[in-house]
Amino acid sequence: MAAANNNNSSGSKYASKKQNGRRNVQPFNRDTQIKNPSKIIRFNDPNEDDDVSNRLLKGDVVTYKSLKSRANELLRVRKTLPVYQHKSEIMPYINANPVTVLIGETGSGKSTQIPQFILEQIYDKKKHGSIAVTQPRRVAAINLATRVAQEHGCKLGDQVGYSVRFDNTTTAKTRLKYLTDGMLLRELMMNNNLKEYSVIIIDEAHERTVLTDLILGFLKSLIQGPRPDLKIIVMSATLQAEKFSEFFNNAPILFVEGRKFDVSQYYLKAPTDDIVDAVIRCCIQINQGEQLGDVLCFLPGQEEIDKAVTIMEKIAKYVSDETSVPLLIPYPLYAALPPVQQALVFAPVKGFKRKVIFSTNIAETSVTISGVKFVVDSGLRKVKVWRHQLGLATLLTVPISQASAMQRSGRAGRESEGKSFRLYCEPDYLKLPKQSEPEIARSDVTSPVLMLKRYGINDIVNWTWFENPGKEAIIMGLQELYELGALDTRGNITKRGEQMALLPLQPHLSSVLIKASEVGCLSQVIDIISCLSVENLMLNPSPEERDEVNERRLSLCNAGKKYGDLIMLKELFDIYFYELGKSQDANSERNDWCKGLCISLRGFKNVVRVRDQLRVYCKRLFSSINEENEEARKIGENGDEISKILKCFLTGFIKNTAIGMPDRSYRTVSTGEPISVHPSSMLFLNKSCPGIMYTEYVFTTKGYARNVSRIELSWLQEVVTNGTAVAKQKISSSK
DNA sequence: GAGCACTGC
């Protein structure tokens, strides 16, 4: 309520250029960011007009003639894009250099136009070969391919197509393929030289995902070795051009301006220690002093967002007077939110109201909301940081980088001029790191190391890493793979390792799957692993319905109640897959069931797709698969069968075990640290387990085990097999 | 006895 009382202090808390004459920090001030400007060739944006493109997208295109006429219409729009205007200046650089770095701001048209220019050249010169364009996210690959196919005047899958997991529209005719980073890496694993491509374009390289970084490393070793003819273009929205250029032997950097509206910056005069309170106050101030337009607030996590929404719901009617200032309507937005609630964010509000969206980083890159004119930035985000020595992930709330702050502010200037309110002081902004730490520097690299091994790299430490994760991380990854049986004592990849590298799973889960195929419970384990592979399958119930939902889950899962979350997932899967969906109205039946248990229906649909894919892969990989093993099966309450399944998981997660203490707490087998069962677990209330196994160990306020199962202590010795000498030693010493 | 940001095969 404090926020409401103080709202008439008339905006004086924020300093702006106009008020005190301080320098207004402009987003994307490239002159101060790029060190060596002589190396950069710049193009400005001579044309600011673009409004018909979206209208032209509507309506179905069927005949060849209509495809072509649509493409002709779109050509007028294409010609206004900055990249198109500078085509004749850009293309000679691309043609003359094996690698080009292209910095294109939002709206420059780089992702849609550059690939088409190259495609035209391939046609003109009657050359062979095709173009791959990688994207970090699936939706981006799909949307870009759809748009470019229209511009090109073809059906999706003819000359232009996309390839993402579960969905491949490419055909033998396809010459321009948009695909996810993960898909290109998979192709690299299957066909070492990417020989079908003559040009590879890495888009959104500035995001620095683990997979993008890996691809850059592979491309460098390709052009230095078997593919000197391969042309590479690294495309990035902002900055970091020097690093890409240096990595590829000082490749030229081209800079194309984009189209965006000005966003003015406002900073706090004094720092705040209650970020939720500050965000609410700021929203109220915007509501009273600014023209109509929606507000997007960036907060670090679900906890802060839920709190902010609750407060605003309570005070909105007190701080709004419908005759003078609009009513504030709060919306939460984060990935774990049920899809139906996420969708509310996109619907415009009617009447004299102002939408206020409280969001995590999801709105920074993955999701774009129209109507946003104001951004409120807490300057914080949550990151998962992997601790190699401890084998656990920590979840930290940390300050964002300058690049991230600019990206957040930019969200206010997508449709018109906007304002950005940063809830920190300007000197503190200037002290922030220019870029966020790349993901690979804070991740578990077991999976990347396995990819490199499968590719045939011996000296992992000295590989052409775009960003070397460090010797320590690599050694931990190698040791992990050795303990999983993927590497032999000399560090060479084993047959098991080859199989693990080809499965679309993290190495630990691949190892579990292979074990299951050996002992004859493959089908059940596939179902469980499919559930584990889908993010946000089990949603968090709201505090009011929490007890009810937990009660319902417990009453449905008899075996899960005793044996834990992995078995519960299988029980739920069995109900979803075998029992529901037989009636006429299968969809609504499944929908109601999911709602009652606070489970994501979309999640379960993905589980089934993952399951189908894994069954196909397993058939291909395991030649000795027997009939009984292959047959899909429901789980019963048979203790022997359940033990067999859990022991399979123990081969992959032997390190993730803890022993029950006399005081009913748990301590980890590997380090003896205290660990608690996460409140979302079936075993949260069950204090009678001799030991537990978990698939995830996260440290927040304390160490939590997630996806927890009951194990017998005798299993620990029993399960230790090939290559797990280290784990074995640790188990004996901790006993 | 109390809660996890985002993405990919």
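Salt-bridge check for K655(A) with E480(A): passed, with a basic side-chain N closer than 4.0 Å to an acidic carboxylate O. A salt bridge between E498(A) and K453(A) is absent, with no side-chain N of the basic residue lying under 4.0 Å from a carboxylate O of the acidic one.
Residue contacts for V164(A): at a heavy-atom cut-off of 4.0 Å it reaches the sugar-phosphate backbone alone, with no base atom in range. Heavy atoms of R138(A) sit under 4.0 angstrom from primed sugar atoms or phosphate atoms, though from no base atom. Residue-level contact check: T701(A) touches the backbone only, with heavy atoms under 4.0 Å from sugar-phosphate atoms and none from bases. Within 4.0 Å (heavy atoms only), K702(A) reaches sugar-phosphate atoms of the nucleic acid but no base atom. Base engagement by R546(A) is indicated by at least one non-hydrogen atom pair under 4.0 Å involving a base atom. Residue-level contact check: Q613(A) touches neither bases nor backbone, having no heavy atom under 4.0 Å from any strand. Within 4.0 Å (heavy atoms only), T365(A) reaches no atom of the nucleic acid at all. Contact annotation for R137(A): backbone-only contact, meaning every heavy-atom pair under 4.0 Å involves sugar-phosphate atoms and none involves a base. Note on Y334(A): only backbone sugar-phosphate atoms sit closer than 4.0 angstrom, heavy atoms only; bases stay farther off. Within the 4.0 angstrom heavy-atom criterion, only backbone atoms of the sugar-phosphate kind lie near T360(A); the bases stay farther away. Across all strands, E439(A) comes closer than 4.0 Å to no nucleic acid atom at all (heavy-atom distances).
In terms of position along DNA chain B, the nucleotide closest to P300(A) lies nearer the 5' end than the nucleotide closest to the other residue of the pair L505(A) and P300(A).
On the nucleic acid side, DNA chain B contacts chain A at distances under 4.0 Å to non-hydrogen atoms, with the end points of that region at dG1(B) to dC9(B).
Counting heavy atoms of neighbouring residues, nucleotides and ligands inside a 6.0 Å radius, atom CZ of R609(A) exceeds 12 of them.
Side chains of Y424(A) and D377(A): a donor on one and an acceptor on the other come within 3.5 Å. A donor-acceptor contact closer than 3.5 angstrom links the side chains of E187(A) and Y197(A). At a cut-off of 3.5 Å, with distance as the only test, a side-chain donor of R408(A) or N361(A) sits close to an acceptor on the other residue.
Ring to ring, F218(A) and W463(A) are close: their centroids are under 6.0 angstrom apart.
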